[in-house]
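The block underneath contains the structure these notes are about, expressed in structure tokens.
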Amino acid sequence: MKSNKIALGIESTAHTWGVGLVDFTGKVLSLVNDVFVPEKGGLHPALVREQHLNNFTRVINEALTQAKCSIKDINLLAFSQSPGLGPVLKIGALVARMLGQLLKIPIIGVNHCIAHIEIGRLMCNIDDPLSLYVSGGNTIVSAYESGRYQIFGETLDIPIGNLLDSFAREAEIPHPGGPKIENLAKKSKKYLTLPYVVKGMDLSFSGLFTAAKRLLESEKYEKEYNLCDIAFSLQETAFAMLTEVTERALAHTEKTEVLLTGGVAANKRLQQMINSISDEHNAKFEVVPLKYAGDNGAMIAWTGILRYKSKGEFNLTETIINPKERMDNISIPWRS
Ligand code: AMP
Ligand code: MG
């Protein structure tokens, strides 16, 4: 018998089948991921679903072993309920609902975007940040206000990680493109003009993608400029857009902490830009440790614990997936 209660969290919104065990004090006992990597093109939901179905027990067992737990030690099950790819979300919901009923323990459905912020608050030991969440599937500037995580700015079309990965694919760079674009960008200082599209507080990256792709296809490519120059210009433009919106949200909300999270948070140039506006506004800047910044089960487990402690478990009828649910639609009882 373990002394603290333990939650098992399942992340299953997109490419990652992630399982994390976290105790009720916030100590992460284990974290195991299985990540689908497309051979070509984007994420095909049916293929991702197959991979998750073929790997879920292995990942759960590895997470239990790592934490030196048995399944009987688990007191709470949490799963990613929204937003994400429907067929993929369903696997997480199915496994959580079956396990919860078999083990006769409470189940909590968690919004993936909120989980990214909650694990950041826990890991970075901060209270009330303005958050920039940048990943393969999301680009959101948000902060807690009036009982919810309000969205101040977001992408109107493709997410930033998707922009980087899609451009990389055009340049025949294998997935995930983000880290490779970052390395190429370091080798250039030559800025090529690209469309900078901020509409009010929202961002649009699709025109930027098309323009960067055209640079690759142009006859001037490899004569007047090279791939490093495009990578540099793409990053500078996209990250400046993110920085502008984050800064305006920071000025508006007057938060004293800034949190950078999601897989793209690994990018040193983006960290530098967000750090500099945080400094200008006397706000403390934190990047979520990379292990917890990308999709993972621990963030789901921890958010499940917060919700369970403040509001109790879900009825089974409340555990249906919601692929399109926005984070600002959900009340946050543990912070009010
Ligand atoms: P996530 O969706 O949160 O799991 O994050 C995956 C995304 O992060 C992918 O689009 C990656 O290309 C991107 N990514 C990872 N590392 C970096 C990096 N160093 N710079 C830019 N993007 C990155
Ligand atoms: Mg994510």
Side-chain angles (χ1 to χ4, degrees), residues 9-18 20 31 33-38 41-43 48 52 79-85 88-89 92 110-120 131-140 142 149 154-155 158-171 173-187 205 208-209 212 231-243 259-274 287-300 302-303 323 325-327:
I10 296 174
E11 158 58 29
S12 168
T13 58
H15 46 49
T16 301
W17 177 270
L31 190 74
N33 285 340
D34 179 76
V35 182
F36 174 87
V37 180
L43 289 186
V48 184
H52 291 353
F79 71 98
S80 51
Q81 186 173 21
S82 65
L85 303 170
V88 183
L89 280 167
V110 168
N111 175 283
H112 174 94
C113 308
I114 292 174
H116 270 292
I117 295 177
E118 291 305 342
I119 198 77
S131 303
L132 173 59
Y133 164 35
V134 276
S135 71
N138 291 283
T139 306
I140 302 177
S142 68
Y149 283 110
E154 61 194 312
T155 179
I158 55 172
I160 177 74
N162 189 257
L163 164 74
L164 299 171
D165 296 340
S166 302
F167 171 75
R169 206 175 298 135
E170 294 297 328
I173 297 168
H175 187 87
K180 290 142 201 152
I181 301 274
E182 176 175 24
N183 284 332
L184 292 169
K186 281 182 193 150
K187 296 179 198 145
F205 293 114
L208 181 52
F209 168 70
F232 169 73
S233 310
L234 184 65
Q235 277 200 172
E236 290 301 299
T237 311
F239 295 170
M241 288 162 57
L242 290 168
T243 306
L259 184 71
L260 180 60
T261 191
V264 185
N267 190 289
K268 291 281 186 299
R269 177 62 181 143
L270 180 62
Q271 291 179 11
Q272 193 184 43
M273 286 163 110
I274 302 298
V287 186
V288 178
L290 293 183
K291 198 169 150 192
Y292 299 108
D295 294 351
N296 67 87
M299 69 183 196
I300 303 296
W302 177 238
T303 311
E325 181 155 64
R326 290 168 62 85
M327 70 194 298

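In each ligand, atom 1 is the first atom listed, and ligand 1 is the first ligand listed.
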How close does the nearest protein non-hydrogen atom get to atom 5 (O) of ligand 1, and which residue and atom is it? Gly263 CA, 3.1 Å
Proximity to ligand 1 by part of Lys268, non-hydrogen separation under 4.0 Å: neither
Contact atoms of ligand 1, heavy-atom distance to Gly161 under 4.0 Å: 10 (O)
List the closest protein heavy-atom neighbour of atom 10 (O) of ligand 1: residue, atom name, distance to the nearest 0.1 Å. Asp165 OD2, 2.6 Å
Atom of His112 closest to the Mg ion (ligand 2), considering N, O or S atoms: NE2
Please compare Val35, Thr13, Asn267, Leu270 and report which has the shortest non-hydrogen distance to atom 21 (C) of ligand 1. Asn267
Closest candidate by heavy atom, reference atom 22 (N) of ligand 1, pool Ser135, Gly178, Gly177, Gly18: Gly178
Within the 4.0 Å heavy-atom shell around Glu182, which atoms of ligand 1 are there? 18 (C), 19 (N), 20 (N)
Among Gln235, Gln272, Met273, find the residue that satisfies the side-chain contact (heavy atoms from CB on, under 4.5 Å) test when tested with Asn267. Gln235
Can you pull out the closest protein heavy atom to atom 13 (C) of ligand 1? Residue, atom name and distance to 0.1 Å, please. Val264 CG2, 3.8 Å
Which option, Lys180, His15, Gln235, owns the non-hydrogen atom nearest atom 4 (O) of ligand 1? His15
Report yes or no: does Ser80 contribute a side-chain atom to a donor-acceptor pair with the main-chain N or O of Ser12 at less than 3.5 Å? yes
Glu154 side chain reached by Arg326 side chain, heavy atoms, under 4.5 Å: yes
May I ask you to list the atoms of ligand 1 that are less than 4.0 angstrom from any heavy atom of Leu164? 21 (C), 22 (N)
Residue and atom name of the nearest protein heavy atom (relative to atom 7 (C) of ligand 1), distance in Å to one decimal: Gly136 N, 3.7 Å
Are the side chains of Ile117 and Tyr133 in contact, using a 4.5 Å heavy-atom criterion? no
